[in-house]
Amino acid sequence: MNSTTTRGETVAKRGAPAHFLPHVQGLRAIAVLLVVIYHFEPGRLTGGYIGVDVFFVISGFLITQQLSRELERTDRIKLPSFWAKRVRRLLPAALLVLLFSLVATFVIMPLSAITENLKEILASTFYVENWALAANSVDYLAASNDASLVQHYWSLSLEEQFYVVWPILLLGASFFGVKRLATKYGDRGRWNAMIALVAVATVISFVLSVVATNNDPASAYFVTYTRVWEFGVGALIALIPRLRPTRAWFVNALGYAGVLAILIAGFTYDRNTPFPGYAALVPVLGTAAVIVSHRSERRFDIGRVLSMRVPRFFGDISYSLYLWHWPLIVIAPFIPGWGLSIYNRVALFVVAVVLAWLTKKFVEDPTRRWKFWTLRKPRATFTFMLAGMAVMVLLVSSVWVVQQPKYDAAASQLASTVADPPSCFGAASGPGPEVTDSTGTYLGQAVPVVAAGAGAAAGAAASSAGGSASSGAGAGAGVGGANAIGTGAGAGAAGATGGASTASAGGSAAAAATCSNAALAGTIIPSPGFGNADRPTNPECLVTLNDSGLFACHFGSTDPSAKRVALIGDSHAYALLAPFIQMATGNGWALTTYIKGGCPWNTDPLPGLDAFSRSCNEWRVNLTNELASVQPYNVVFTAALADATAPGTSGAGQALATGFSDAWKQVTDKGTPVVTTVDNPAWTDDPNKCLRTSAEADCVEPRAEGLVADPPIAVAAKASLAAGQKVTLLDFSSTFCTATDCLAVIGGANVYRDQDHLTNTFATTLTPYLNAALVTAMATGP
């Protein structure tokens with residue numbers, strides 16, 4: 001008796017089916033770890049999402065093998081029994097994690113996430129999550145998406161749809177083969193019919209996958225018909241035994257080549273890979289090669305290696321691990337005191353593994369084998385299924401009833417405030433920015449200007465050039481300066497009730513005008529539950545992850561004679577998109593944006609060899625070529641995340657400063673002025689977490705920790721000015737921070753949507769200051 005037979009007997013004694021293939025569990029381990037690591041560290045394992053495709057091939061093989069065995073033994077398929085087994089196998093653990101996600105939505109997640117999470121929990125309950133995501137055109141591979149707690153249920157939904165339809169198709173093909181082909185082929189008629197059906201379905205689905213991936217990639221990723229062929233490949237292996245090699249050397253060569261193909265796809269594919277389409281052939285065929293390579297007689301045989309204890313363990317818990325890992329990742333950033341540092345991620349992975357093991361031991365296995373279900377007719381299982389789904393609907397409805405009024409109130413408050421800001425709201429409460437340009441350093445004022453008017457430019461210039469800059473006084477307009485853009489109405493920064501200040505053009509501002517509004521006391525807009533979702537509404541303008549394509553967005557005027565403004569930088573420039581759109585619309589400017597997350601406009605190359613570093617360096621080359629080929633802009637504004645580990649006094653900081661200056665020279669040498677800004681403070685944790693549980697006064701960050709000392713962008717601006725370049729530097733540090741602390745709420749406005757990005761609402765309150773600086777700079781431009 002060979003070792004394979006012995007292993008099979010051992011497995012059978014433990015309660016597993018005699019036809020159980022241990023090496024498939026090892027393959028499941030590879031699949032789930034690819035997906036989990038990808039979700040924890042998408043920048044390191046850029047193609048880990050292909051683990052889902054490995055699961056699809058495995059499912060196609062195992063389910064078809066099970067169904068064909070039943071056909072061979074009984075000449076029929078007991079559909080109710082088959083479906084009941086799938087329900088008992090999959091639904092209990094799925095409902096448990098859905099219940100956990102519902103509780104997390106109610107207790108942990110911000111209020112802004114409630115609508116999307118509840119909708120997708122319902123869609124996942126009824127296994128239509130993949131179609132819900134396809135209908136919303138969600139890009140699963142895009143980092144800019146706000147993922148729900150149950151977005152990963154799309155693959156489970158697709159598999160369940162396969163389980164419903166596939167046995168019916170095989171049963172129909174079998175019936176046709178017996179009735180129509182038996183005379184010519186005998187008993188082979190049934191198998192020929194099923195093989196033909198699977199082959200045709202596989203080819204048609206593959207063609208549809210390629211076409212849909214080219215035409216509508218976001219939707220093609222989720223819809224069922226683009227993935228059926230992956231199940232079909234596994235099914236063909238089950239129906240055609242001749243596809244399984246027997247020679248030892250060939251078995252191992254094929255198996256190890258299959259594992260290598262899967263890993264190569266996992267490490268080299270990324271979000272720019274057209275997927276599924278042709279690209280899915282690599283992991284799918286690699287999985288098929290591993291499945292047929294089950295030899296496990298010797299220590300180095302592929303089947304033996306994949307059947308070892310550790311791979312088998314992760315394969316056994318793969319379903320529960322897949323269920324648990326994603327909601328843990330999504331809720332982690334919203335837990336006070338918890339982030340996603342490397343240590344937090346490792347801890348979270350361990351928690352996910354423990355939960356998966358507990359779920360396997362106390363939920364999956366007992367419910368699958370419980371005699372209360374297995375000894376009863378399938379309708380008992382279906383009754384349990386309907387009852388479980390009904391309970392989830394009831395619970396989701398209850399959460400909706402409780403939370404929806406709060407959601408509506410917060411949304412209404414946010415919309416009305418943005419449409420008609422109160423006086424002294426946000427940055428209008430002052431003090432304004434410190435401005436450094438060719439005239440010196442002075443206190444910047446929010447001076448409303450007339451669009452494209454010479455008088456407006458002159459007025460703005462007068463506030464910053466010559467000898468002095470004065471603040472407005474008297475009854476203010478709040479951020480009326482922003483609302484008055486293009487009208488010439490309004491006065492001063494915000495109608496400050498504090499004292500006006502005057503500063504020499506060659507010196508520093510001695511004092512700063514401030515503004516107070518008693519009605520804003522205790523106000524936080526957007527609410528801490530809405531802060532995380534308050535971001536720009538044009539996510540397509542932000543190039544993310546490993547995409548090196550230069551994607552330009554255009555806003556405002558299409559008149560060829562309009563003033564041309566460019567917004568360039570990383571996600572901190574993207575955070576200012578709303579005020580720039582507002583200025584372009586109000587002033588009749590033509591605005592163009594070039595923005596890539598994590599990739600500031602700088603000529604100092606990122607040193608890493610990882611996919612993101614390469615994409616950033618390539619994006620910068622593309623940007624350089626673009627700026628060299630287009631008509632010079634009237635002004636360019638740029639912003640960048642400040643790195644606390646690279647102050648301007650360090651070698652890395654000095655290299656960054658030189659890189660900024662050299663990048664700006666690409667446009668200043670053509671006479672185009674550059675306006676830039678010192679980065680806003682960065683927090684050790686998302687302040688919205690603190691604001692949801694603590695008083696506003698307790699949610700502060702020490703100024704010395706929030707702001708970067710000698711920020712390289714400021715060093716670069718001053719060096720560029722000394723070299724005679726047209727550069728303006730805005731420093732809002734005193735707007736964000738007092739002498740000792742940086743604030744989470746300023747003038748009633750919630751400042752941050754995460755640790756270092758401004759909320760859309762607060763960003764719009766910077767509009768008057770940005771507008772004044774741009775108009776002043778344009779007065780000196782081409």
Side-chain angles (χ1 to χ4, degrees), residues 1-34 51 53-73 82 85-86 89-90 159 162-163 166 198 230-248 250-259 261-262 283-319 321-322 360 364-365 368:
M1 182 179 294
N2 61 37
S3 60
T4 304
T5 304
T6 303
R7 185 178 297 274
E9 289 180 351
T10 302
V11 171
K13 290 177 182 178
R14 290 204 305 258
H19 54 270
F20 178 75
L21 297 176
H23 81 292
V24 171
Q25 292 301 86
L27 188 55
R28 278 190 170 124
I30 293 175
V32 75
L33 290 175
L34 281 171
D53 303 85
V54 176
F55 278 124
F56 290 162
V57 180
I58 294 173
S59 294
F61 169 73
L62 294 178
I63 293 304
T64 304
Q65 186 181 59
Q66 175 185 337
L67 294 172
S68 62
R69 187 180 296 110
E70 184 177 358
L71 275 171
E72 187 174 30
R73 187 175 64 252
F82 170 79
K85 288 179 181 177
R86 304 317 301 164
R89 168 70 180 88
L90 301 174
E159 283 207 38
F162 169 78
Y163 296 148
W166 200 246
V198 173
E230 300 179 17
F231 295 93
V233 169
L236 288 172
I237 300 172
L239 292 173
I240 309 176
R242 292 180 181 178
L243 293 177
R244 306 172 203 176
T246 57
R247 292 181 179 273
F250 188 63
V251 167
N252 285 315
L254 191 63
Y256 283 113
V259 171
I262 294 170
V284 166
L285 295 181
T287 303
V290 177
I291 291 175
V292 301
S293 305
H294 54 79
R295 183 179 175 85
S296 58
E297 295 181 3
R298 299 179 181 178
R299 181 176 299 178
F300 58 83
D301 285 343
I302 182 66
R304 177 70 67 87
V305 172
L306 290 177
S307 301
M308 294 173 68
R309 180 172 296 178
V310 173
R312 281 282 301 279
F313 170 76
F314 280 102
D316 289 343
I317 68 169
S318 60
Y319 176 59
L321 181 57
Y322 182 83
K360 175 73 165 57
E364 283 190 63
D365 291 343
R368 186 171 74 250

S.K.: Between S59 and F162, which heavy-atom pair has the shortest distance, and what is it?
M.R.: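 Scanning both residues, the minimum pair turns out to be O-CE2, 4.4 Å.
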S.K.: Would you call the rings of Y163 and F82 parallel, tilted or perpendicular, taking 30° and 60° as the class edges?
M.R.: perpendicular
S.K.: Would you find a donor on one side and an acceptor on the other, under 3.5 Å apart, between the side chain of H23 and the backbone of I291?
M.R.: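 Answer holds: yes.
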S.K.: Starting at OG1 of T64, measure out to CH2 of W166 and round the result to the nearest 0.5 Å.
M.R.: 6.0 Å
S.K.: Which heavy atom of G303 sits nearest to which heavy atom of S307, and what is that distance?
M.R.: O-OG, 2.5 Å
S.K.: If you round to the nearest 0.5 Å, how far is CD1 of I237 from CD1 of I58?
M.R.: 10.0 Å
S.K.: Of all the heavy-atom pairs spanning P311 and A29, show the shortest one and how long it is.
M.R.: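 Where P311 meets A29 most closely, the heavy atoms are O-CB, 3.2 Å.
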S.K.: Would you give the length of the straight line joining atom CD1 of I30 to atom CG of L306, rounded to the nearest 0.5 angstrom?
M.R.: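 I30 atom CD1 to L306 atom CG measures 5.5 Å (nearest 0.5 Å).
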S.K.: Does the side chain of I262 come within less than 4.5 Å of L27's, by heavy atoms?
M.R.: yes
S.K.: To the nearest 0.5 Å, how far apart are CZ in F231 and CD1 in I63?
M.R.: 9.5 Å
S.K.: Under the side-chain contact (heavy atoms from CB on, under 4.5 Å) test against V54, which residue among V284, V290, T287 passes?
M.R.: T287
S.K.: Taking the side chain from S68 and the backbone from Q65, do they hold a donor-acceptor pair closer than 3.5 Å?
M.R.: yes
S.K.: State the OH-CZ distance between Y322 and R28, to the nearest 0.5 angstrom.
M.R.: 14.0 Å
S.K.: So F56 and E159, do their side chains get closer than 4.5 Å, heavy atoms only?
M.R.: yes
S.K.: Give, for atom NZ of K360 and atom CZ of F313, the distance between the pair rounded to the nearest 0.5 Å.
M.R.: 10.0 Å
S.K.: Pairs of donor and acceptor atoms involving the side chains of residues 250-259, under 3.5 Å and at least two apart or interchain, shall be tabulated with distances.
M.R.:
{"from": "N252", "atom 1": "OD1", "to": "I302", "atom 2": "N", "distance (Å)": "2.8"}
{"from": "N252", "atom 1": "ND2", "to": "A248", "atom 2": "O", "distance (Å)": "3.3"}
{"from": "N252", "atom 1": "ND2", "to": "D301", "atom 2": "OD1", "distance (Å)": "2.9"}
{"from": "Y256", "atom 1": "OH", "to": "F300", "atom 2": "O", "distance (Å)": "2.5"}

S.K.: State, to 0.1 Å, how close L239 and P241 come at their nearest heavy-atom pair, and which atoms those are.
M.R.: O-CD, 3.3 Å
S.K.: Can you name the residues that form a salt bridge (charged side-chain N to carboxylate O under 4.0 Å, His left out) with E364, not counting sequence neighbours?
M.R.: R89
S.K.: Please determine whether the number of non-hydrogen atoms from other residues, nucleotides or ligands lying under 6.0 Å from atom CZ of R299 exceeds 12.
M.R.: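 No, because the 6.0 Å sphere around CZ of R299 holds 12 heavy atoms or fewer from other groups.
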S.K.: For the residue pair A288 and V233, what are the closest heavy atoms and their distance?
M.R.: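 Heavy atoms only, the tightest pair is CB-CG1, 3.9 Å.
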